[in-house]
2 protein chains.
Amino acid sequence: MSSLSTQPEFSPRQNAVLDSALRLLVDGGERALTTAGVARAANCSKESLYKWFGDRDGILSAMIGYQASKVRTLEERAETLTVDSLRAHLVVFARDLLDVLSGDVSLALNRLAIGQASRDGSHLGQMLQERGRRQIGKRAGGLLDAGRRAGLLRFDNGEEAYGMLYGLVVTDLHLRMLLGEDMKLTKQDFSRRAERAVDAFLDLCGTKKQTAKP
Amino acid sequence: MSSLSTQPEFSPRQNAVLDSALRLLVDGGERALTTAGVARAANCSKESLYKWFGDRDGILSAMIGYQASKVRTLEERAETLTVDSLRAHLVVFARDLLDVLSGDVSLALNRLAIGQASRDGSHLGQMLQERGRRQIGKRAGGLLDAGRRAGLLRFDNGEEAYGMLYGLVVTDLHLRMLLGEDMKLTKQDFSRRAERAVDAFLDLCGTKKQTAKP
DNA sequence: GAAGAACCGTACCGTACGGTACTCATTTTG
DNA sequence: CAAAATGAGTACCGTACGGTACGGTTCTTC
């Protein structure tokens with residue numbers, strides 16, 4: 001149905017408009033994201049907005065697609081894994097995951113998509129799921145598979161193992177951030193949180209006893 | 001600041017109005033929750049709505065408070081815990097947690113509060129957090145503490161242990177449901193999911209080896 | 001049973017937004 | 001250079017919503 005990787009995306013000018021729109025959304029929430037506001041912030045006319053994106057929903061979809069295209073996940077290179085390097089990679093992944101989920105733009109877009117979820121044909125949630133989680137989940141899946149191939153991890157279902165890791169890392173932090181809870185204190189704790197979550201995950205799915213924890 | 005347990009709540013008539021409003025919210029999302037719509041659905045006048053609840057935000061707050069008052073968590077009675085009865089209690093708790101989070105009203109209210117999170121003085125998220133999670137977290141905390149006192153669980157920080165349990169049970173299910181993903185299939189799997197999550201949690205924090213898993 | 005409060009239904013007002021139409025300047029194209 | 005296209009800026013329209021005011025009806029209270 002969709003043209004997938006070869007979709008034409010948008011022109012630089014249109015991307016600049018989408019940047020303005022994202023900025024507007026981050027600063028003021030969905031209520032601030034009016035067509036007139038986007039036009040004013042981007043120094044373009046409303047007519048151009050409708051010509052380029054069709055309607056307001058088209059702008060929202062384009063914003064999600066544009067943002068997703070900006071945060072492409074870097075592919076890990078294959079490497080000979082040891083117990084400690086696997087743990088290190090997992091900690092980096094967990095840390096990155098927390099950073100992504102707590103980012104301004106990510107939170108704003110998730111709030112936007114969630115707000116539209118109860119509408120009829122709102123593919124925004126699906127888009128966000130497809131182009132956000134699926135990407136980062138693929139990165140984790142690769143890492144976990146590599147760990148299993150190296151005999152360092154043991155699990156039946158890769159999806160389930162990833163779910164364990166995700167749950168241990170994120171718990172209910174994402175929801176609390178989406179609800180607007182102040183995370184200034186918690187953010188300083190992300191590294192420790194990532195380490196402890198990975199340690200727990202290795203307790204569950206690791207085959208070798210890791211070096212003693214403090 | 002707040003009057004806590006002895007707050008006057010609302011009259012039966014007003015609760016009926018709030019029920020209609022919740023119904024409206026569940027069916028049509030926030031856009032359907034207009035003052036005129038609530039008045040029509042509840043067979044009351046807009047003037048009464050403003051008299052009772054102040055303004056639209058007052059209606060939203062009242063809806064959250066009312067819903068929270070309906071799902072009061074039942075207090076577990078103290079009991080001599082064994083390995084198996086602790087596991088059984090934890091599985092029931094996990095199952096209940098999944099059922100609550102996947103409920104229509106819960107999802108609708110969470111979407112509502114998340115949508116308002118980017119507003120200035122939106123205490124809705126805080127309310128939902130305070131009267132929702134805190135309640136169910138207290139139930140889990142009691143259970144975990146009892147398990148520790150019985151020598152069946154080992155953990156330093158109760159909050160952190162609860163976080164582990166929550167993460168293993170819920171993973172990213174809540175977010176996916178909030179984004180509108182179809183959960184017909186997943187819901188049939190809640191019991192198995194609860195069991196496997198509790199087993200993993202006991203692997204992490206349990207002191208005794210549980211009976212063999214299939 | 002009369003006085004008064006509570007309340008329903010509706011009409012009304014101001015505002016804000018989505019979307020369209022139009023004018024004029026700038027750029028592109030033959 | 002002329003013609004065509006592109007796009008900014010603005011004005012405009014219809015609609016929908018939050019909030020208020022008012023007339024009429026039912027319920028309470030003495």
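Below, each value reflects all heavy atoms present in this structure, side chains not excepted, and no hydrogens, waters or symmetry copies. Below, chains carry the letters A, B, ... as their sequence lines are ordered, and counting in each starts from 1.
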> Going by heavy atoms closer than 4.0 Å, what residues in residues 53-62 of chain A are next to DNA chain C?
A:D55, A:R56
> Taking A:D189 first and then A:R196, would you say they form a salt bridge - that is, a charged N and a carboxylate O separated by under 4.0 Å?
no
> Could you check whether any side-chain N or O of B:S102 sits under 3.5 Å from a backbone N or O of B:D99, counting only pairs where one atom can act as donor and the other as acceptor?
yes
> Rounded to whole Å, please give me the gap between CG in B:L49 and P in C:dT10.
15 Å
> With the threshold set at 4.0 Å, does a side-chain nitrogen-carboxylate oxygen contact exist between B:R133 and B:E159?
yes
> Give the residues of residues 31-45 of chain B touching DNA chain C, defined as any heavy atom closer than 4.0 Å, sorted by residue number.
B:N43, B:C44, B:S45
> With a 4.0 angstrom cut-off to heavy atoms of chain B, pull out the first and last contacting nucleotide of DNA chain D, in 5'-to-3' order.
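Contact span on the strand: D:dC17 to D:dC22.
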> Considering residues at least two apart in sequence or located in another chain, which fulfil the ring-ring contact (aromatic ring centres under 6.0 Å, His included) criterion with B:Y66?
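With sequence neighbours excluded, B:Y66 shows a ring-ring contact (aromatic ring centres under 6.0 Å, His included) to no residue whatsoever.
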> Under 3.5 Å, is there a donor-acceptor pair between the side chain of A:S85 and the main chain of A:L81?
no
> Would you say the side-chain atoms of A:R56 pair up with the backbone N or O of A:L33, donor to acceptor, closer than 3.5 Å?
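Checked: pair present.
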> Hey, is the main chain of A:L178 close enough, under 3.5 Å, to the side chain of A:R111 for a donor-acceptor pair?
yes
> So among B:D19, B:D27, B:L25, which one has a side-chain contact (heavy atoms from CB on, under 4.5 Å) with B:R23?
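It is B:D27, the one option of B:D19, B:D27, B:L25 that forms the side-chain contact (heavy atoms from CB on, under 4.5 Å) with B:R23.
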> Which protein N or O atoms sit under 3.5 Å from an N or O of nucleotides 23-27 of chain C?
none

> Shortest non-hydrogen contact from B:I114 to A:I114?
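Heavy-atom minimum between the residues: CD1-CD1, 4.0 Å.
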> Using a 3.5 Å distance criterion without hydrogens, assess whether the side chain of B:R193 forms a donor-acceptor pair with backbone atoms of B:V169.
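Judged by distance alone, yes, a pair lies under 3.5 Å.
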> Between A:K46 and A:K51, just flag the one whose closest nucleotide in DNA chain D comes earlier from the 5' side.
A:K51
> Tell me, do A:L49 and A:V17 make a side-chain contact under 4.5 Å, heavy atoms counted?
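Yes, close enough: below the 4.5 Å cut-off.
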> Applying ring-ring contact (aromatic ring centres under 6.0 Å, His included), name anything that partners B:F53, two or more places apart in sequence or on another chain.
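ring-ring contact (aromatic ring centres under 6.0 Å, His included) list for B:F53, sorted by chain: B:F10.
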> Ignoring hydrogens and geometry, is there a side-chain-to-backbone donor-acceptor pair from B:R148 to B:F155 under 3.5 Å?
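It does hold such a pair.
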